[in-house]
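For reference, the structure is listed below as structure tokens.
Source: prediction; values computed, not measured. Counting from 1, the numbers follow the sequence of the chain as shown.
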Amino acid sequence: MANYKKPRFKDAAFKRFLSVVLGTLLLVSLLVVSLGTNATPGSSGLDEGLSESVVNIQSFREKLNLPKENDFSIRLEKQNRLPPRNIDLYPRLAKDHITIVLYVHNRPQYLRVVVNSLSKVVGISETLLIVSHDGYFEEMNKIVEGIKFCRLKQIFAPYSPHVFTDSFPGVSSKDCQEKDEAGKKHCVGNPDQYGNHRSPNIVSLKHHWWWMMNTVWDGLKETRGHDGHILFIEEDHFIYPNAYRNLQLLVSLKPNKCPDCYAANLAPCDVNLRGEGWNSLVAERMGNVGYAFNRTVWRKIHGKAKEFCFFDDYNWDITMWATVYPSFGSPVYTLRGPRTSAVHFGKCGLHQGQGKTNACIDNGSVNIQVDDIDKVANIRPEWDVKVYQNQPGYKAGFKGWGGWGDNRDHRLCLNFAQMYH
């Protein structure tokens with residue numbers, strides 16, 4: 001009996017030991033898997049994933065041949081990934097909100113006027129305001145950081161000529177100047193159709209607009225999934241209190257009132273007009289003051305990247321009017337009200353009026369009359385649509401005002417179109 005029981009005791013002990021060993025090994029294996037799949041921010045698993053992502057991004061940008069970034073541009077790129085401000089004040093956006101993008105350069109006197117007008121817009125607290133900076137300027141940044149009337153996100157063009165002080169896309173010592181002949185001067189650059197070489201401060205206008213469009217529609221976490229309309233305004237656009245509510249009405253009416261309209265506008269295409277005062281909506285060619293369109297239209301614009309990037313004109317809007325819109329194959333109309341909800345008040349060029357005493361606005365301010373009718377929505381759903389046909393303006397065949405002849409600018413422009421694809 002004893003001889004029979006002893007082997008069973010040893011056998012049972014061995015089995016228990018084996019179970020403990022196997023159980024321990026299993027537990028260790030599960031722990032390893034758990035650590036690998038649920039890595040903390042400081043763990044090697046996430047670090048490897050981030051490193052791989054960074055390598056992929058760097059490799060992709062090398063293939064695009066984007067300019068080599070400097071420390072300043074890298075810092076701006078990091079700023080662009082920060083979450084919006086004022087989320088604590090405005091934790092939720094309205095379901096049907098229309099994102100507003102304000103693109104700015106370096107005219108602080110103008111920017112103060114725009115920001116003040118936006119602060120009085122009815123419904124502004126319901127939406128997200130994105131401010132896109134052409135480079136970085138401290139005074140402009142301080143004005144924007146002071147905005148508290150809505151959720152706010154800032155983005156900075158990292159490839160702005162203002163960020164590269166001694167190399168392309170900024171000024172390089174080897175660049176040709178004015179009407180230099182590259183062969184004789186042994187300089188770098190291609191002249192425009194009028195024989196003039198690039199001016200970095202001027203080409204930045206078109207670069208910034210195109211970079212901004214691609215970044216807002218396809219790059220930003222906050223908007224790359226947004227299919228609705230986005231409103232675009234500039235630093236010299238005074239916005240009336242009823243602008244946002246009027247825009248919401250135009251967007252809702254557009255599918256039925258003007259199904260062929262590509263966009264909605266807050267102002268007439270002729271910036272000198274204030275509207276007709278009719279009891280009807282107006283369909284006309286796209287304006288550049290307070291224009292809004294959706295992702296479907298952006299996809300059409302993005303599909304014309306070559307047309308945009310190779311047209312010899314440093315103005316983004318003239319480029320759109322003269323070559324991109326005509327390439328759509330049908331008239332590009334926008335819908336607006338009969339009374340303006342935005343006004344272009346700039347009195348001088350983009351790179352003028354940056355000083356405190358030379359602001360190109362009367363006494364450092366503007367004097368725009370805002371009547372009671374401009375404080376509330378003044379568009380009626382029952383109105384018909386008056387269509388303007390054969391309006392004057394830049395048409396297909398116009399060759400452009402120049403300033404955009406350098407092959408480097410063409411390549412950078414095309415690269416912006418591919419950054420997020």
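Side chain to side chain, Glu284 and Gln391 meet the donor-acceptor criterion of an N or O pair below 3.5 Å. Between the side chains of Asn201 and Ser204, not a single donor N or O lies within less than 3.5 Å of an accepting N or O. Residues Ser132 and His208 have side chains that bring a donor and an acceptor to within less than 3.5 angstrom of each other. A donor-acceptor contact closer than 3.5 angstrom links the side chains of Asn141 and Gln154.
Using a 4.5 Å cut-off on side-chain heavy atoms (C-beta onward), Gln389 and Tyr333 make contact. A 4.5 Å side-chain heavy-atom check between Ile147 and Leu129 finds at least one atom pair inside the cut-off. Taking 4.5 Å as the limit, every side-chain heavy atom of Cys187 sits out of range of all side-chain heavy atoms of Gln177.
Aromatic ring pairs are classed by plane angle as parallel below 30°, tilted from 30° to 60° and perpendicular above 60°; the pair Tyr136 and Phe72 is perpendicular. Taking the six-membered ring where the residue is Trp, Tyr394 and Trp321 present parallel rings, their angle staying beneath 30° rather than reaching 60°. Classification of the Phe308-Trp210 ring pair by plane angle, with boundaries at 30° and 60°, yields parallel. Using a 30° and 60° split on the angle between ring planes, His133 and Phe156 fall in the parallel class, below 30°. Aromatic ring orientation, Tyr103 versus Trp316: perpendicular (interplanar angle above 60°, classes split at 30° and 60°).
In terms of modelled atom types and a separation under 3.5 Å, the side chain of Arg151 and the main chain of Ile87 share no donor-acceptor contact. Judged by distance alone, with hydrogens and angles left aside, the side-chain atoms of Lys153 form a donor-acceptor pair with the main-chain N or O of Asn80 at under 3.5 Å. Panel note: side chain Ser280, backbone Trp383; no donor-acceptor pair is recorded below 3.5 Å. Judged by distance alone, the side chain of Asp192 and the main-chain N or O of Gly403 form a donor-acceptor pair under 3.5 Å. Side-chain atoms of Gln193 come within 3.5 Å of backbone atoms of Lys399 as a donor-acceptor pair (strictly under, hydrogens ignored). Looking only at distances, a side-chain donor or acceptor of Ser73 sits under 3.5 Å from a matching main-chain atom of Asn70. Put simply, the side chain of Asp374 never gets that close to the backbone of Ser341: no donor and acceptor are under 3.5 Å apart. Asp218 places no side-chain N or O within 3.5 Å of a backbone atom of Thr215 that could act as its donor or acceptor partner. A donor-acceptor contact shorter than 3.5 Å is absent between the side chain of Arg339 and the backbone of Arg274.
The cationic group of Lys300 lies under 6.0 Å from the six-membered ring centre of Phe328 and within 45° of the ring axis, placing it in a cation-pi geometry. Stacking of Arg224 on the aromatic ring of Trp217 is not recorded, the 6.0 Å distance cut-off and the 45° axial limit not both being met.
Across Val121 and Tyr244, no two heavy atoms sit closer than the pair CG1-CB, 3.6 Å.
Using a 4.0 Å cut-off between a side-chain N of Lys or Arg and a carboxylate O of Asp or Glu, Glu126 and Arg245 qualify as a salt bridge. Contact check on Lys206 versus Asp317 returns no salt bridge, with no Lys/Arg side-chain nitrogen under 4.0 Å from an Asp/Glu carboxylate oxygen.
Under a cut-off of 6.0 angstrom, the local environment of CG in Asn390 is sparse, with at most 12 non-hydrogen atoms contributed by other residues, nucleotides or ligands. Within a 6.0 Å sphere centred on CG of Asp371, other residues, nucleotides and ligands contribute more than 12 heavy atoms.
In this structure, Phe293 has its ring center no closer than 6.0 Å to that of Tyr262. His344 and Phe238 have their aromatic ring centers separated by at least 6.0 angstrom. Annotation: His229 is not in aromatic contact with Trp298 [ring centroid separation under 6.0 Å not met].
Checking each of Gln109, Arg107, Arg112 against Glu139 for a side chain to side chain donor-acceptor pair (under 3.5 Å) leaves exactly one that passes, namely Arg112.
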